Amino acid sequence: MRRAARPGRAAAAGLLLAARAVAGLEPISVGIAIAAASALTGYLSYTDLFCRFAECCLEEQRLNASALKLELEEKLFGQHLATEVILKALTGFKNNKNPKKPLTLSLHGWAGTGKNFVSQIVAENLHSKGLKSNFVHLFVSTLHFPHEQQIKLYQDQLQGWIRGNVSACASSVFIFDEMDKLHPGIIDAIKPFLDYYEQVDGVSFRKAIFIFLSNAGGDLITKIALDFWRAGRKREDIQLKDLEPVLSVGVFNNKHSGLWHSGLIDRNLIDYFIPFLPLEYRHVKMCVRAEMRARGSAIDEDVVTRVAEEMTFFPKSEKIYSDKGCKTVQSRLDFH
C-alpha cells in the first residue's frame with residue numbers, strides 16, 4: 001500500500017508551483033510564495049530558491065577557468081595573446097576576494113579579429129545570461145554618445161548609470177564598444193570608479209569589470225605582425241611585451257581613439273592593453289568551418305575554400321591578412 005505524502009511537503013510543492021506560475025507577473029508575490037515554501041521544506045534558503053526563478057547577482061561565484069580556456073581555444077582563432085592574457089586576467093581577478101581596483105581591459109585591433117566575440121564569451125562566463133544579463137551593460141559610442149556638444153551630459157549620465165548598477169550588483173560588467181569613435185573626454189568621467197579607492201560616494205567598484213573595444217592601434221599591431229612575418233618569425237612568437245607599450249602610447253596620442261590624453265592611461269588604470277592580431281587566410285578558413293558547425297551543416301572543404309578566397313587580403317604585394325578579418329564570413333556563407 002502506497003504511503004500518503006506528508007501534508008507539509010505537498011503544501012510546499014503547491015507553493016513552489018504557484019511561485020513558478022506568477023514569476024513573470026509579480027516579484028513581490030513570488031517572494032512571498034517562495035519564502036513560504038522555503039519555510040515549509042526547510043531544505044533551501046529563500047535566496048537559493050528565488051534565484052531559480054529570477055536572475056541573481058552572485059558576487060562570490062567563482063569563475064570556471066577551465067570552461068573559459070576551452071571556449072577561447074576552440075572558438076577564437078589566431079589570437080594566442082588575447083586568449084592567454086584574458087584567461088590569466090579574469091582568473092586572477094575572480095580568485096582575489098579583495099581586489100584593490102576594478103579589472104579594466106582595453107581590446108585593440110582591426111574589425112573582424114574577434115574583439116566583440118571575446119567580450120560576449122567573457123560576459124557569458126561571468127553571468128549566465130551573457131549580454132542579456134541585467135548585470136552586463138553594453139555601450140556603443142555612436143548610439144549612446146553621438147553628439148560632441150553634449151559631452152557634459154553624457155559624462156553625468158554615465159556616472160549615474162554605472163554608480164546605480166554597481167550599487168545593485170558589485171560584480172557588474174561594462175563593455176564600451178567603438179571606443180575609437182567616442183568623443184575624447186567622455187570616458188574620463190568614470191576615472192574615479194576605476195581608481196584605487198575603497199569606495200566612491202559610499203559605493204565600492206572594486207569587483208566590477210570594464211572592457212573597452214577599439215579599432216585604434218590596429219595599424220601598430222599590423223606593422224609589428226608584418227615585421228615578424230618578414231623576418232621569418234612565427235606569429236606565435238609575438239609576445240605581449242612586443243606590443244603593449246607601443247599600443248598604450250599610440251592610443252594615448254591618437255585623437256581618434258576615445259582614450260586620447262585620457263587620465264585612464266595617464267594614471268595607469270587600464271590593467272591590460274590586449275592586441276588582436278590581423279587574421280591570415282588559414283584563420284578565415286577556421287572561421288568558415290566554425291560557422292558551418294554553428295549552423296549544423298556538414299563541413300564542405302570546397303565551400304570553405306571558396307568563401308575564404310572571396311575575401312580580400314593586404315598588403316597588396318604579399319596578401320597575408322584579411323582586411324575584414326572574419327567579419328563577413330556569415331553573410332558570404334549564405335551564398336553557398
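The structure presented is a predicted model; accordingly, all values stated were derived computationally and were not measured. The analysis underlying the following values was restricted to heavy atoms, covering all of them including side chains, and did not include hydrogens, waters or symmetry mates.
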- Test log, rule side-chain contact (heavy atoms from CB on, under 4.5 Å), inputs I209 and L90: CA-CA 9 Å; I209 294 176; L90 284 173; 3.9 Å; yes
- Task: List the steps and the verdict of side-chain contact (heavy atoms from CB on, under 4.5 Å) for V200 and F193.
- Result: CA-CA 7 Å; V200 177; F193 305 152; 4.0 Å; yes
- Message: Please determine whether salt bridge (charged side-chain N to carboxylate O under 4.0 Å, His left out) holds for the pair K129 and E124, giving the CA-CA distance in whole Å, both sets of side-chain angles, and the decisive distance to 0.1 Å.
- Response: CA-CA 6 Å; K129 291 189 176 183; E124 289 170 353; over 6 Å; no
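N125 places a side-chain N or O within 3.5 Å of a backbone atom of I121 that can act as its donor or acceptor partner. With E291 contributing its side chain and L333 its backbone, the two residues share no donor-acceptor pair below 3.5 Å. Judged purely by atom type and a 3.5 angstrom limit, S257 uses its side chain to pair as donor or acceptor with the backbone of V251. Side chain of T83 to backbone of H80: no donor-acceptor contact under 3.5 angstrom is found.
With rounding to the nearest 0.5 angstrom, the CG atom of L158 is 6.0 Å from the CD1 atom of I187. Within the model, atoms CD of E73 and CG of L68 stand 9.5 Å from one another, a figure rounded to the nearest 0.5 Å. Taking CE of M179 as the start and NZ of K115 as the end, the distance is 12.5 Å to the nearest 0.5 Å. Within the model, atoms CZ of F93 and CG of L126 stand 9.5 Å from one another, a figure rounded to the nearest 0.5 Å.
One finds a salt bridge joining D195 and R267 here, because a Lys/Arg side-chain nitrogen approaches an Asp/Glu carboxylate oxygen to under 4.0 Å. A salt bridge is absent between K234 and E236: the closest approach of a Lys/Arg side-chain nitrogen to an acidic carboxylate oxygen does not fall below 4.0 angstrom. Salt bridge status for K101 with D271: present, with a side-chain N to carboxylate O gap under 4.0 Å. Ion pairing between a basic and an acidic side chain is recognised when a charged N comes within 4.0 Å of a carboxylate O; R306 and E310 show no such pairing. A salt bridge links R230 to E318: at least one charged side-chain nitrogen sits closer than 4.0 Å to a carboxylate oxygen. Using a 4.0 Å cut-off between charged nitrogen and carboxylate oxygen, K100 and E198 do not count as a salt-bridge pair.
Residues I151 and L153 are not in side-chain contact: their nearest non-hydrogen atoms beyond the backbone lie 4.5 Å or more apart. In this structure the side chain of H108 reaches within 4.5 angstrom of the side chain of S214, judged on heavy atoms. L182 places a side-chain heavy atom less than 4.5 Å from the side chain of F145. Side-chain contact between L103 and L105 is present, with heavy atoms from C-beta onward closer than 4.5 Å.
Not counting sequence neighbours, the partners of H137 by the side chain to side chain contact (heavy atoms under 4.5 Å, CB included) test are F139, W161, N165, S172, F174. Looking at residues two or more places apart in sequence or on another chain, you find a side-chain hydrogen bond (donor to acceptor under 3.5 Å, both in side chains) between T312 and D323. Residues passing the salt bridge (charged side-chain N to carboxylate O under 4.0 Å, His left out) test with K181, sequence neighbours excluded: none. Not a single side-chain hydrogen bond (donor to acceptor under 3.5 Å, both in side chains) links D219 to another residue, sequence neighbours left out. Applying the side-chain hydrogen bond (donor to acceptor under 3.5 Å, both in side chains) rule to S141 yields no partners; only residues at least two apart in sequence or on another chain are considered. A search for side-chain hydrogen bond (donor to acceptor under 3.5 Å, both in side chains) contacts involving D180 returns nothing, not counting sequence neighbours.
V136 and A123 make their closest contact through CG1-CB, 4.0 Å (heavy atoms, listed as atom of the first residue, atom of the second, distance). Considering all non-hydrogen atoms of both residues, F77 and L279 come closest at O-CD2, 3.4 Å. Among all heavy-atom pairs drawn from P278 and T222, the shortest one is CG-OG1, 3.9 Å. Closest approach of W260 to N254, counting heavy atoms only: CB-O, 3.2 Å. For the pair Y197 and P192, the tightest heavy-atom approach, listed with the atom from each and the gap, is CD1-O, 3.3 Å. Closest approach of P245 and S248 over heavy atoms only: O-OG, 3.0 Å.
Under the 4.5 Å side-chain heavy-atom criterion for Ile, Leu, Val, Met, Phe, Trp and Tyr, F176 and F273 are members of the same hydrophobic cluster.
A ring-centre distance under 6.0 Å is found for H261 and F252.
Side chain to side chain, Q149 and H183 fail the donor-acceptor criterion of an N or O pair below 3.5 Å. In the model, E55 has a side-chain atom that pairs as donor or acceptor with a side-chain atom of S133 under 3.5 Å. In the model, S204 has no side-chain atom that pairs as donor or acceptor with a side-chain atom of Q199 under 3.5 Å. Side-chain N/O atoms of D177 and N116 include a donor and acceptor closer than 3.5 Å.
Residue-environment remark: NZ (K319) stays at or below the threshold of 12 foreign heavy atoms within 6.0 Å.
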